[in-house]
Undergrad: 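Sharing a structure below in structure tokens format, with a few things to ask.
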Amino acid sequence: MWKRLAFLSSFRLASSTSLGDLYKASYSLKFYQLFSTESRDLEDDCHASKIKLPWITFVLGGPGTGKGTQCQRISQTFGFTHLSAGDLLRKEMSSNSKDGKMISALIKEGNIVPSEMTVRLLQEAIKSSQSCKFLIDGFPRCNENRVAFEKIIGVEPLFVLFLDCPEDIMVARVLGRNEGRLDDNLDTVKKRLEVFSNLNLPVINYYYEKGKVQRISALGTVDEVFEKIRPLFSSFSRFQKKEEQKLSN
Ligand code: ADP
Ligand code: C5P
Ligand code: MG
């Protein structure tokens with residue numbers, strides 16, 4: 001399947017000792033690019049940067065932990081393009097497409113939409129963007145999502161940002177969201193929490209074992225959480241500049 005495997009570099013995330021008690025030690029993060037036929041297309045679309053393939057960070061966490069809120073802040077500060085899998089599915093749901101009804105039924109029950117569909121929406125969004133830096137929020141939600149992404153898009157995440165939050169806070173945030181979402185009610189939230197621990201946590205664990213997870217506590221105000229996240233992306237920005245300099249020399 002893979003045409004080529006190119007090891008690019010590695011970088012050390014700065015002062016991760018301050019980033020929570022679970023993943024204390026700072027570690028080297030191997031970053032590499034996997035080239036497949038499909039990702040070659042993506043390469044052609046990446047005009048904005050000398051880096052050939054997109055930099056991808058997955059942002060994971062239970063419902064209401066603040067993934068969307070923090071992704072907005074990260075995008076504004078560090079120039080990433082924010083792609084929320086849930087938002088893409090909701091857009092598809094309301095577009096009267098043939099899959100809309102099925103997506104709506106699955107979301108209403110808190111279940112996971114077939115991976116091919118979600119990955120196709122992500123792929124279209126990545127390809128139609130001029131950006132080379134993406135925050136993919138709420139994806140992969142299960143191992144099947146992850147495998148489909150690897151097969152179709154063929155790019156490994158730079159790292160996985162895991163927003164960790166107690167369940168009672170998640171429930172309170174979801175119920176207070178007030179955006180008219182059909183799944184922001186107590187019954188569906190309970191189901192989504194089950195799906196989170198049964199299907200989403202194993203994916204986080206998969207990346208943890210690969211040394212790719214950065215866990216951040218989602219407790220505190222939006223500003224406080226963002227200040228805990230900031231060093232990860234500052235470190236990445238320095239790394240990106242160095243890589244781009246190397247490529248332009
Ligand atoms: P997610 O994308 O993880 O489901 P959101 O970013 O949509 O979560 O946040 C869920 C709700 O919680 C929103 O109403 C948001 O304004 C609120 N929220 C997000 N972060 C915080 C925070 N740190 N403290 C209090 N409320 C928050
Ligand atoms: O991330 P968000 O809370 O917006 O997701 C809402 C719903 O969208 C999920 O509960 C699930 O039904 C669906 N979804 C999915 N696959 C994803 C992301 C979201 O099926 N990768
Ligand atoms: Mg969200």
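As the structure lists them, so they are numbered: ligands from 1, and atoms in each ligand from 1. Position 1 is the first residue of the sequence, and the numbers go up from there.
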Undergrad: May I ask you to identify, for N178, whether its side chain, its backbone, both or neither come under 4.0 Å of ligand 1 on a heavy-atom basis?
TA: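 N178 to ligand 1: no contact under 4.0 Å from either part.
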Undergrad: Judged on heavy-atom distance to atom 20 (O) of ligand 2, which of L182, V119, V113 sits nearest?
TA: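 Nearest heavy atom to atom 20 (O) of ligand 2 lies in V113.
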Undergrad: Give the numbers and elements of all ligand 2 atoms closer than 4.0 Å to a heavy atom of R90.
TA: 4 (O), 6 (C)
Undergrad: Aromatic ring centroids of F134 and F80 under 6.0 Å?
TA: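 No, the ring of F134 stays outside the 6.0 Å limit from the ring of F80, centre to centre.
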Undergrad: Taking only heavy atoms of N111 into account, list the atoms of ligand 2 that are under 4.0 Å away from them.
TA: 11 (C), 12 (O), 20 (O)
Undergrad: Between F226 and R73, is there a cation-pi geometry (under 6.0 Å to ring centre, at most 45° from the normal)?
TA: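 Yes, a cation-pi geometry holds between R73 and F226.
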Undergrad: Please write down residue, atom name and distance for the protein heavy atom closest to atom 16 (O) of ligand 1.
TA: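 Residue, atom and distance for the closest contact: T69 OG1, 4.2 Å.
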Undergrad: Among all protein heavy atoms in this structure, tell me which lies nearest to atom 18 (C) of ligand 2, with the distance rounded to 0.1 Å.
TA: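 Ranked first by proximity to atom 18 (C) of ligand 2 is G138 O, 3.3 Å.
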Undergrad: Please identify which atoms of ligand 2 are closer than 4.0 Å to at least one heavy atom of F139.
TA: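 Atoms satisfying the 4.0 Å criterion: 21 (N).
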Undergrad: Among all protein non-hydrogen atoms, which one is nearest to atom 2 (O) of ligand 1, and what is the separation to 0.1 Å?
TA: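 For atom 2 (O) of ligand 1, the nearest protein heavy atom is G68 N, 3.0 Å.
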Undergrad: Considering the heavy atoms of A85, write down every atom of ligand 2 situated less than 4.0 Å from one of them.
TA: 18 (C), 21 (N)
Undergrad: Show the atoms of ligand 2 that are less than 4.0 angstrom away from any heavy atom in D183.
TA: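 Near D183, the atoms of ligand 2 are 6 (C), 7 (C).
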Undergrad: What is the closest protein heavy atom to atom 8 (O) of ligand 1, and at what distance does it sit?
TA: G66 N, 3.2 Å
Undergrad: Return the option from E224, R173, Q72, Q70 holding the heavy atom at the smallest distance from atom 22 (C) of ligand 1.
TA: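 Closest candidate by heavy-atom distance is R173.
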Undergrad: Would you mind checking which non-hydrogen protein atom is closest to atom 7 (O) of ligand 1, with the distance to 0.1 Å?
TA: R177 NH1, 2.8 Å
Undergrad: List ligand 2 atoms under 4.0 Å from L89, heavy atoms only on the residue side.
TA: 13 (C), 14 (N), 15 (C), 16 (N), 19 (C), 20 (O)
Undergrad: From the options K67, R141, R181, R177, select the one whose nearest heavy atom is closest to atom 1 (O) of ligand 2.
TA: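 Looking at heavy atoms only, the winner is R141.
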Undergrad: So which heavy atom on I216 is nearest to which on K228, and how close?
TA: CD1-O, 3.5 Å
Undergrad: Would you call the rings of F139 and F149 parallel, tilted or perpendicular if under 30° counts as parallel and over 60° as perpendicular?
TA: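 Geometry flag for F149 against F139: tilted rings.
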Undergrad: Flag R181 as yes when one of its N or O atoms lies below 3.5 Å from any N or O atom of ligand 1, and as no otherwise.
TA: no
Undergrad: Can you check whether F239 and F233 have ring centres sitting under 6.0 Å from each other?
TA: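 When the ring centroids of F239 and F233 are compared, they turn out to be at least 6.0 Å apart.
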Undergrad: Which protein non-hydrogen atom lies closest to atom 23 (N) of ligand 1, naming both residue and atom, and how far is it?
TA: G220 O, 2.8 Å
Undergrad: At less than 4.0 angstrom from any non-hydrogen atom of N145, what atoms of ligand 2 do you find?
TA: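 Reading through ligand 2 atom by atom, the close ones are 21 (N).
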Undergrad: Give the residue and atom name of whichever protein heavy atom lies nearest to atom 20 (N) of ligand 1, and the separation in Å to one decimal.
TA: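 Protein heavy atom at minimum distance: V222 CG2, 3.7 Å.
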Undergrad: When D183 is tested against each of K190, R192, K108 for salt bridge (charged side-chain N to carboxylate O under 4.0 Å, His left out), which residue passes?
TA: R192
Undergrad: Below 6.0 angstrom between ring centroids: does that apply to Y207 and F162?
TA: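 No, ring centres 6.0 Å or more apart.
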Undergrad: Give the atom numbers and elements of ligand 2 that come within less than 4.0 Å of a heavy atom of G86.
TA: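 Answer, ordered by atom number: 4 (O), 5 (O).
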Undergrad: Can you name the closest pair of heavy atoms from F78 and S237 and give their distance?
TA: CD2-OG, 3.5 Å
